[in-house]
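Right, one structure below, let's go through it.
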Amino acid sequence: YLGFITISLVLLLTADTVFGRTPTERTFEYEPKVVTLRGTLLTRTYPGPPNYESVINGDRPERVWLIRLPYPISMEADKDPNSFNQKETGIREVQVILTDLKDEAALKKHRRENVTFTGVLFHANTIHHPLTLLMDVQNYRLEKPNGSDR
């Protein structure tokens, strides 16, 4: 009986891997659905105008806020075939859009810390979106080192 359970578990895990999903991968919906993601807050610099190719060769640096997730997520495609919001799998980083400059200033000292963001997700659709998935942040919460809220 124990052998049957072990074999069944291995088959389930293998099936998830073969079909492009890890056992812990969760699927989310795009806007207007409000979702919550928790992960590590990071910034990264990408080349901006005029060519969006190389900061070293003169393109203006564009700093992007992002959250690195502890697990991959998937996105369901929108029903509208003309939508930018397409099916995606295995996403580990999400660009976060902070519309309030006070939020950006407050978060600067919390890079590399855990944070929980709540907002709506949308697919990249301009050259200013270097990551595939973005979140328009409505609210955020900093986490204490032991995982509880601040």
Side-chain angles (χ1 to χ4, degrees), residues 11-150:
L11 288 174
L12 285 172
L13 294 174
T14 303
D16 277 338
T17 303
V18 168
F19 292 106
R21 294 182 55 172
T22 61
T24 58
E25 189 169 348
R26 292 183 49 205
T27 301
F28 290 88
E29 294 178 34
Y30 286 106
E31 56 193 339
K33 177 88 173 179
V34 177
V35 301
T36 299
L37 298 175
R38 181 178 183 272
T40 305
L41 180 65
L42 302 171
T43 58
R44 191 173 295 143
T45 302
Y46 291 92
N51 299 317
Y52 296 87
E53 294 173 356
S54 170
V55 173
I56 294 170
N57 291 334
D59 289 337
R60 188 180 80 225
E62 289 190 345
R63 186 178 64 193
V64 170
W65 288 90
L66 63 109
I67 182 172
R68 180 174 293 145
L69 305 172
Y71 49 84
I73 64 171
S74 295
M75 298 301 299
E76 289 293 326
D78 279 352
K79 306 250 185 286
D80 178 359
N82 297 318
S83 173
F84 286 109
N85 294 335
Q86 43 190 289
K87 180 176 177 70
E88 296 289 348
T89 60
I91 296 171
R92 294 293 303 256
E93 294 182 340
V94 178
Q95 183 176 344
V96 292
I97 307 299
L98 303 168
T99 54
D100 190 338
L101 293 177
K102 289 183 277 183
D103 289 340
E104 188 170 334
L107 286 172
K108 275 186 181 180
K109 61 185 171 192
H110 297 288
R111 279 182 274 202
R112 301 211 173 272
E113 293 182 21
N114 287 331
V115 64
T116 299
F117 285 108
T118 301
V120 294
L121 298 170
F122 62 100
H123 199 279
N125 58 53
T126 77
I127 199 164
H128 297 284
H129 302 158
L131 298 178
T132 302
L133 185 62
L134 295 88
M135 176 183 267
D136 187 5
V137 174
Q138 297 172 353
N139 196 1
Y140 69 89
R141 183 176 69 245
L142 300 171
E143 308 288 333
K144 289 184 180 177
N146 66 5
S148 61
D149 295 344
R150 282 193 190 181

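Computed from a predicted structure; not experimentally measured.
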Value rounded to 0.5 Å, distance of CD in Glu29 from OG in Ser74 = 13.0 Å

Under a 4.0 Å N-O cut-off, is there an ion pair linking Arg111 with Glu113?
-> no

Heavy-atom side-chain contact between Val35 and Thr118 under 4.5 Å = no

Looking at side-chain heavy atoms only, is the closest gap between Phe28 and Ile91 below 4.5 Å?
-> no

Just how far is it from atom CG of Asp136 to atom OG1 of Thr99, taken to the nearest 0.5 Å?
-> 6.0 Å

Do Leu37 and Leu121 pass the side-chain contact (heavy atoms from CB on, under 4.5 Å) test, and can you show the C-alpha distance, the side-chain angles, and the key distance before you say yes or no?
-> CA-CA 10 Å; Leu37 298 175; Leu121 298 170; 4.1 Å; yes

side-chain contact (heavy atoms from CB on, under 4.5 Å) between Glu143 and Val115, worked out = CA-CA 5 Å; Glu143 308 288 333; Val115 64; 5.5 Å; no

Would you say Pro47 and Glu53 make side-chain contact, with heavy atoms under 4.5 Å?
-> no

Using the test salt bridge (charged side-chain N to carboxylate O under 4.0 Å, His left out), find all partners of Glu93 that sit at least two apart in sequence or belong to another chain.
-> Arg44, Arg68

Can you tell me how far CE of Met75 sits from CD of Gln86, rounded to the nearest 0.5 angstrom?
-> 11.0 Å

Can you find a pair of side-chain heavy atoms, one from Phe117 and one from Leu41, that are under 4.5 Å apart?
-> yes

Table please: side-chain donor-acceptor pairs of residues 125-135 below 3.5 Å, with sequence neighbours left out.
residue: Asn125; atom: ND2; partner: His123; partner atom: O; Å: 3.4
residue: Thr126; atom: OG1; partner: His128; partner atom: N; Å: 3.0
residue: His128; atom: ND1; partner: Glu62; partner atom: OE1; Å: 3.2
residue: His128; atom: ND1; partner: Glu62; partner atom: OE2; Å: 3.1
residue: His128; atom: NE2; partner: Tyr52; partner atom: OH; Å: 3.3
residue: His129; atom: ND1; partner: Asn125; partner atom: N; Å: 3.0
residue: His129; atom: ND1; partner: Thr126; partner atom: N; Å: 3.4

Taking all non-hydrogen atoms of both residues, which atom of Pro50 and which atom of Gly58 are closest, and how far apart?
-> CD-O, 4.2 Å

Donor-acceptor pair, side chain of Arg60 and main chain of Pro49, under 3.5 angstrom | no

So do the side chains of Val94 and Leu66 get within less than 4.5 Å of each other, counting heavy atoms only?
-> no

To the nearest 0.5 angstrom, please state how far the CD1 atom of Ile56 sits from the OG atom of Ser54.
-> 5.0 Å

Distance from Asn57 atom CG to Asn51 atom CG, nearest 0.5 Å?
-> 9.0 Å

Going by heavy atoms in the side chains, are Glu88 and Tyr30 under 4.5 Å from each other?
-> yes

At what distance, to the nearest 0.5 angstrom, does CZ of Arg38 lie from OH of Tyr71?
-> 9.0 Å

Please identify each residue that fulfils side-chain hydrogen bond (donor to acceptor under 3.5 Å, both in side chains) with Thr45, with sequence neighbours left out.
-> none

Would Glu104 and Trp65 satisfy side-chain contact (heavy atoms from CB on, under 4.5 Å), going step by step from the backbone distance to the final call?
-> CA-CA 9 Å; Glu104 188 170 334; Trp65 288 90; 3.2 Å; yes

All heavy atoms of Ser83 vs all of Asp78, minimum pair found to be OG-OD2, 2.8 Å

Check ion pair Lys33-Glu76 (N to O, under 4.0 angstrom) = no

Could you please spell out the steps behind the side chain to side chain donor-acceptor pair (under 3.5 Å) verdict for Glu25 and Thr89?
-> CA-CA 9 Å; Glu25 189 169 348; Thr89 60; 5.0 Å; no

Go through the steps to decide whether Ile67 and Leu42 satisfy the test side-chain contact (heavy atoms from CB on, under 4.5 Å), and finish with yes or no.
-> CA-CA 6 Å; Ile67 182 172; Leu42 302 171; over 6 Å; no

